[in-house]
Number of protein chains: 2
Amino acid sequence: MRRFVIGRAKSLLNRSYQYHCQDQALLRPLAPSHSRFLSSTPGLDSSSTSSASSMAPPVSLDTINPKVLECEYAVRGEIVTLAQRLQDELKAKPGSQPFDEILYCNIGNPQSLGQQPIAFFREVIALCDHPSILDKSETQGLFSADAIERAWQILDQIPGRATGAYSHSQGVKGLRDTIAAGIEARDGFPANPNDIFLTDGASPAVHMMMQLLIRSEKDGMLCPIPQYPLYSASIALHGGSLVPYYLDEATGWGLEISELKKQLEDAKSKGITVRALVVINPGNPTGQVLAEDNQRAIVEFCKQEGLVLLADEVYQENVYVPEKKFHSFKKIARSMGYGEEDICLVSFQSVSKGYYGECGKRGGYMEVTGFSPEVREQIYKVASVNLCSNISGQILASLVMSPPKVGDESYESYSAEKDGILSSLARRAKTLEDAFNNLEGVTCNKAEGAMYLFPRIRLPQKAIKAAEAAKKAPDAFYCQRLLNATGVVVVPGSGFGQVPGTWHFRCTILPQEDKIPAIVSRLTEFHKSFMDEFRD
Amino acid sequence: MRRFVIGRAKSLLNRSYQYHCQDQALLRPLAPSHSRFLSSTPGLDSSSTSSASSMAPPVSLDTINPKVLECEYAVRGEIVTLAQRLQDELKAKPGSQPFDEILYCNIGNPQSLGQQPIAFFREVIALCDHPSILDKSETQGLFSADAIERAWQILDQIPGRATGAYSHSQGVKGLRDTIAAGIEARDGFPANPNDIFLTDGASPAVHMMMQLLIRSEKDGMLCPIPQYPLYSASIALHGGSLVPYYLDEATGWGLEISELKKQLEDAKSKGITVRALVVINPGNPTGQVLAEDNQRAIVEFCKQEGLVLLADEVYQENVYVPEKKFHSFKKIARSMGYGEEDICLVSFQSVSKGYYGECGKRGGYMEVTGFSPEVREQIYKVASVNLCSNISGQILASLVMSPPKVGDESYESYSAEKDGILSSLARRAKTLEDAFNNLEGVTCNKAEGAMYLFPRIRLPQKAIKAAEAAKKAPDAFYCQRLLNATGVVVVPGSGFGQVPGTWHFRCTILPQEDKIPAIVSRLTEFHKSFMDEFRD
């Protein structure tokens with residue numbers, strides 16, 4: 001059963017009070033929740049005997065960490081479980097469903113829907129994985145000259161050329177040099193390789209920052225609503241409070257400073273210390289690209305309020321409209337004259353998005369600026385507990401920040417692949433946007449960037465009642481019906497948060513272009529029959 | 001400054017009380033530490049104004065999560081920072097140190113010290129990274145036939161052959177099938193692919209279980225002392241209590257059930273609910289391999305006491321003595337007639353250890369058995385927040401559990417590589433063990449398995465006083481002197497925990513064999529002059 005964010009929040013609070021009552025006696029005598037080592041004397045034989053008897057199972061929902069229970073992640077939630085079941089049924093009994101394949105539009109996973117990897121990147125990765133073929137003659141027939149050269153360069157940056165060794169906890173220094181140079185080229189402002197922490201995708205980096213900043217539920221994180229549910233999940237797992245700020249659907253998911261201020265004050269009045277502002281640009285699930293002066297106002301707000309700016313910039317290559325351009329928050333801050341001393345700023349980047357879409361490689365980094373050396377040391381320490389991120393992902397992160405250049409052997413094919421993917425994504429976004437806007441009661445903002453559309457669906461009262469009867473949020477009810485009828489998997493808006501009483505779903509723009517017409521006609525047909533069934 | 005575990009525990013407790021006092025007013029009115037969404041109305045313009053003024057930096061050691069502050073990870077701690085500085089100095093000024101290279105014996109990172117990867121594994125990984133060369137004729141000249149065949153098999157197990165797509169949150173189903181078959185072949189008992197969670201190395205798997213089981217500092221984890229500091233770090237980060245049980249150095253780091261019982265009762269008497277028992281077999285840092293009947297007694301203990309058994313079995317391929325054999329705890333439990341209903345058992349495995357030593361690939365898995373479907377669903381949910389582990393690591397995990405077999409083209413070379421590495425490790429372990437035992441005041445148990453020796457050093461009072469004056473633990477003082485004199489990096493025993501008043505260090509057996517004689521003579525020479533300097 002899925003409920004919308006605020007509703008869920010209430011139920012979670014209720015649940016946490018239940019736990020409170022159960023655990024009251026246990027909790028009362030405790031010091032604050034710090035871990036500790038029990039001191040004890042090393043053991044000689046003990047005369048005490050254990051109470052060996054039959055007992056309840058050692059682990060149940062009542063005895064696990066309640067933060068785990070509270071965490072939700074709709075992108076791989078109930079709807080996906082249903083999709084997997086339908087897929088199994090289709091495989092076992094072809095023709096058993098009114099469609100012949102499941103189209104996973106629930107997750108930004110381009111290569112699962114047929115997008116091909118950029119050849120140059122894969123050549124370099126393969127050569128670094130098996131360096132002993134690098135000087136064989138056959139290799140020159142199989143790999144481009146610049147891929148071979150790049151592989152040698154990268155191997156020379158890795159101590160002992162050992163791609164199978166743990167690296168520095170922040171990632172291979174030479175690869176961080178390359179990434180820093182790529183950031184400098186992008187922004188026109190210096191980047192320091194020691195500020196880069198390479199991670200297994202962006203998600204672990206987000207967790208690290210949440211872990212660092214959240215001390216208790218009295219620490220709040222300003223997050224956009226709608227938001228990518230990694231944020232709500234991570235805040236729940238780390239025991240903090242999500243302080244929502246609403247993006248304005250009417251102005252193309254505009255981010256209003258007045259709304260930030262209002263929610264910040266509201267949180268303060270409830271005793272919450274707001275530690276950071278999360279901004280996702282380009283937006284997920286909303287697809288907007290922030291205007292430069294809006295970004296400046298956001299930086300100013302963080303500076304004035306003493307907030308860490310957590311900038312999710314993983315869609316920096318995914319901008320589809322000529323009137324908008326991606327600007328990193330670091331570039332904006334530096335162009336305003338704000339340096340290390342002025343603002344704590346973390347930028348997240350991933351190899352999973354962009355035109356490369358290398359989700360399975362789990363590469364990414366965060367650029368951490370404005371923190372004191374002592375705090376940086378703490379971030380380093382936490383990174384070192386997990387030793388390092390995977391080296392192929394590290395290499396790929398360096399490649400996406402330093403792709404082939406004019407004159408390189410691979411440049412032409414690389415450019416053709418990149419432009420082909422990005423221009424096709426732009427066309428798919430437009431076609432789907434138009435299709436959604438043609439549906440009765442549906443409005444859909446433009447996907448200026450990222451990989452998603454987030455149409456608003458106005459459902460008839462009869463549908464809302466039917467959802468209620470089925471114990472589902474209305475948008476979840478709609479999405480499940482859509483899946484059952486068409487095989488198209490989208491995620492209900494309630495998984496991302498939305499203005500109470502409004503309903504949406506998130507649909508990726510990732511199915512291959514030749515499939516889009518069929519998707520549009522199936523969606524259109526489904527929506528019409530749904531509305532016919534439930535029209536008041 | 002490094003202190004030993006128990007001492008540190010006390011200082012941490014003191015520190016946490018300081019925090020308590022500071023935060024008292026803040027903490028008092030709180031419900032238990034559950035995260036929550038602040039409910040609020042979506043924003044129109046707000047009339048409230050923010051307090052924009054100059055303020056303290058938003059993030060300092062006083063305002064980060066104290067659990068992060070408490071966490072320590074000695075394997076990459078102070079001594080490694082010093083080593084890196086010395087390495088930089090050597091590079092800048094060759095001849096500036098009394099040695100010509102730094103030998104990193106602080107960490108189980110075989111390929112960083114020259115161990116070569118198993119060719120078959122790397123061939124398959126490279127082919128899966130760049131599948132478009134699979135059917136090119138040159139490829140047959142570069143890759144073995146069985147590697148090509150295996151790559152095809154693996155690609156066929158991945159939906160759409162998309163090695164760049166996110167997989168199922170637990171990992172690619174076909175790879176889990178292979179791993180489950182490998183476990184069955186190893187143990188002679190069934191394994192279920194749905195029990196396998198593929199992870200980026202074993203560390204994230206350990207964190208997941210700690211996150212699941214720890215609700216507060218009143219939840220305890222029985223951990224061996226000495227222990228691999230991932231455990232103490234993870235317990236600290238998740239806010240639980242480490243309940244130590246001491247391994248008995250006198251009986252070759254024996255694990256005594258009476259000691260487990262004593263510490264369990266002791267913890268209970270302090271109001272701690274012990275949730276799980278961590279066992280590292282073969283041992284890290286201690287190198288012992290548990291005897292089968294000892295394992296049976298451990299399983300019985302967990303069953304009787306209702307404890308989850310967390311079995312760190314990452315060194316399962318690293319056994320160097322003919323009289324000992326690795327047995328998985330699952331095999332032991334099943335052979336005792338204990339099934340799913342009887343015991344919660346998690347086994348951790350990694351591609352970083354064994355004879356493969358592929359640390360940089362960050363592959364691993366945990367096999368989770370005995371948990372209820374509802375709890376399993378919670379583990380799945382947490383895994384899905386991070387989407388999936390890296391696909392190359394997943395593939396490698398399947399390969400180490402299913403290496404070439406008799407008759408395969410690569411079998412002979414594969415076997416030669418494997419046997420060469422393992423027999424060399426056994427020789428190196430023996431040579432270093434003998435060398436340590438020849439030092440004045442040093443005793444060293446045999447490394448029956450794993451990758452480490454953990455010699456005990458009996459230091460003269462004068463050395464202990466000198467360490468005190470330098471504000472260092474005596475073993476840290478010794479290790480730093482050793483590094484400065486020889487370039488050999490080892491980790492002080494205080495980073496792993498040890499019986500109070502005893503001193504040790506952990507030294508890997510990983511330097512290449514041709515370097516061992518020089519290491520032995522440098523160590524011997526250093527130790528002699530150290531003892532001469534400080535002899536009482």
Side-chain angles (χ1 to χ4, degrees), chain A residues 6 9 16 20 32-35 37-39 42-43 45-46 48 50 52 55 58 61 65 73 76 109 111-112 117 122 125-126 129-130 133 138 141-142 162 164-166 200 203 215 233 236 239 242-243 246 258-259 261-262 265-266 304 306 358-360 362 374 384-386 390-392 499, chain B residues 6 9 16 20 32-35 37-40 42-43 45-46 48 50 52 55 58 61 65 73 76 109 111-112 117 122 125-126 129-130 133 138 141-142 162 164-166 200 203 215 233 236 239 242-243 246 258-259 261-262 265 304 306 358-360 362 374 384-386 390-392 499:
Chain A
I6 304 304
S16 74
H20 189 195
S33 63
H34 294 279
S35 76
F37 282 68
L38 286 182
S39 73
D45 275 8
S46 158
S48 66
S50 310
M55 46 179 78
L61 291 189
N65 178 358
Y73 187 69
R76 290 206 164 177
N109 194 7
Q111 295 190 29
S112 74
R122 291 303 191 96
I125 296 286
D129 268 339
H130 194 39
I133 64 172
E138 292 97 332
L142 284 174
Y166 295 128
D200 292 308
S203 307
R215 293 162 294 185
L242 189 152
V243 178
Y246 286 83
S258 55
E259 165 73 0
K261 283 189 177 147
K262 174 177 171 300
E265 293 306 321
D266 189 46
Q304 291 303 320
E358 291 279 16
C359 302
R362 310 311 287 123
E374 304 81 53
S384 74
V385 174
N386 284 331
N390 83 89
I391 304 293
S392 296
V499 171
Chain B
I6 304 305
S16 74
H20 189 196
S33 64
H34 293 278
S35 75
F37 282 71
L38 286 182
S39 73
S40 70
D45 274 9
S46 159
S48 67
S50 311
M55 45 180 82
L61 290 189
N65 179 358
Y73 187 68
R76 290 206 164 177
N109 193 7
Q111 296 191 29
S112 74
R122 291 303 191 95
I125 297 287
D129 269 341
H130 193 41
I133 64 171
E138 291 97 332
L142 284 174
Y166 295 127
D200 293 307
S203 307
R215 294 162 294 185
L242 188 151
V243 179
Y246 286 82
S258 55
E259 165 73 359
K261 283 189 176 146
K262 174 178 172 298
E265 293 306 321
Q304 291 303 320
E358 291 279 16
C359 302
R362 311 311 287 122
E374 304 82 53
S384 73
V385 174
N386 283 332
N390 84 88
I391 304 293
S392 295
V499 170

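By convention in this document, chain letters (A, B, ...) are assigned in the order of the sequence lines, proteins followed by strands, and residues within each chain are numbered from 1. It should be emphasised that the depicted structure is a prediction, and the values quoted were computed from it without experimental measurement. These values consider heavy atoms only, across backbone and side chains, with no hydrogens, waters or symmetry-generated copies.
In this structure, the side chains of A/Cys359 and A/Gln111 stay at 4.5 Å or more apart for every pair of heavy atoms.
Of the listed residues A/Pro117, A/Gly360, A/Ser392, the one with more heavy-atom pairs under 4.5 angstrom with chain B than any other is A/Gly360. Looking only at heavy-atom pairs under 4.5 Å with chain B, the residue among A/Ser384, A/Gly164, A/Gly141 that has the most is A/Gly164. Counting heavy-atom pairs closer than 4.5 Å to chain B, the top residue among A/Ile391, A/Asn109, A/Val385 is A/Asn109.
Atom-to-atom distance recorded for B/Asp129:CG and A/Ile125:CD1 is 6.5 Å, nearest 0.5 angstrom. Atom CZ of B/Arg362 sits about 5.0 Å away from atom OH of A/Tyr166, to the nearest 0.5 Å. Atom CG of B/Leu61 and atom CD of A/Glu374 lie 5.5 Å apart (nearest 0.5 Å).
For A/Asn386, the parts sitting under 4.5 Å from any heavy atom of chain B are the backbone and the side chain alike.
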